[in-house]
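As a basis for the values below, the full set of heavy atoms in this structure was taken, side chains included, without hydrogen atoms, waters or symmetry mates. Here is the naming used below: chain letters follow the sequence lines, and residue numbers restart at 1 for every chain. Quick caveat: nothing in here was measured; it's all calculated off a predicted structure.
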Amino acid sequence: RKEVEQDPGPFNVPEGATVAFNCTYSNSASQSFFWYRQDCRKEPKLLMSVYSSGNEDGRFTAQLNRASQYISLLIRDSKLSDSATYLCVVNMDTGRRALTFGSGTRLQVQP
Amino acid sequence: SQTIHQWPATLVQPVGSPLSLECTVEGTSNPNLYWYRQAAGRGLQLLFYSVGIGQISSEVPQNLSASRPQDRQFILSSKKLLLSDSGFYLCAWTLGPHNEQFFGPGTRLTVL
């Protein structure tokens with residue numbers, strides 16, 4: 001089982017749609033969680049941090065369910081500019097002082 | 001504010017040639033530094049991380065090495081490149097308690 005697992009997609013949605021991505025993680029002792037956005041041939045950029053039960057930033061909402069070991073990202077009113085790959089990232093606090101990245105979910109917003 | 005630089009941006013090298021990629025961070029002191037590789041269509045693979053000058057931890061055995069000669073400089077090297085070394089190399093830094101990482105623009109390496 002992968003340490004951080006995501007549906008690779010692609011998710012093809014029309015502009016204005018609401019889309020949700022889920023991610024599961026294997027280590028129940030994981031401490032913090034993030035969503036990164038990666039555009040084609042670019043570096044990943046931090047989109048949101050998820051520290052407790054969840055948080056909201058404009059059209060983006062991240063939720064954490066520790067009991068089921070998954071996190072989700074909800075995007076409302078999708079824009080063409082939201083097209084990208086969304087990486088689920090977990091700090092498993094294993095002493096490596098490094099994050100564990102999912103392989104990403106690709107989103108394509110269509111006009 | 002903090003910024004992170006990587007160079008070169010792109011590189012095409014023959015098999016068996018040496019490699020040196022450089023990463024520098026500005027605007028912070030004593031960051032944790034990381035080297036990742038992303039193969040085409042794949043996730044990020046952690047290669048090395050460093051918590052201070054001269055302190056390097058290797059995550060996977062391979063023909064790459066890393067060095068941290070200065071607090072804000074991280075170098076990735078190889079004596080002889082393999083075809084499988086092709087990929088997108090990303091340097092990242094972190095300082096916060098929750099380990100949010102921030103990436104440089106990356107180096108796209110093609111080994112022919």
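The part of A:Tyr36 that comes within reach of chain B is its side chain, from C-beta onward, which places non-hydrogen atoms under 4.5 angstrom from that chain. For A:Ser32, the part lying under 4.5 angstrom from a heavy atom of chain B is the side chain only. Of the atoms belonging to B:Phe103, heavy atoms from both backbone and side chain fall under 4.5 Å from chain A. For B:Gln38, the part lying near chain A is the side chain, with the backbone staying farther off; criterion is any non-hydrogen pair under 4.5 Å. Using a 4.5 Å cut-off between heavy atoms, A:Gln6 does not touch chain B at all.
Under 4.0 Å is where a charged nitrogen must lie from a carboxylate oxygen, and between A:Asp39 and A:Arg41 no such pair does. A salt bridge does not link B:Arg37 to B:Glu59: none of the charged side-chain nitrogens sits closer than 4.0 Å to a carboxylate oxygen.
For B:Trp35 and B:Phe48, the gap between ring centers reaches or exceeds 6.0 Å. Centroid-to-centroid, the aromatic rings of B:Phe74 and B:Tyr34 stay 6.0 Å apart or farther.
No other option in A:Pro8, A:Pro44, A:Ser103, A:Gly104 has as many heavy-atom pairs under 4.5 Å with chain B as A:Pro44.
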Show your reasoning for whether salt bridge (Lys or Arg N to Asp or Glu O under 4.0 Å) applies to A:Glu56 and A:Arg76. CA-CA 11 Å; A:Glu56 185 174 316; A:Arg76 290 180 296 277; 3.5 Å; yes
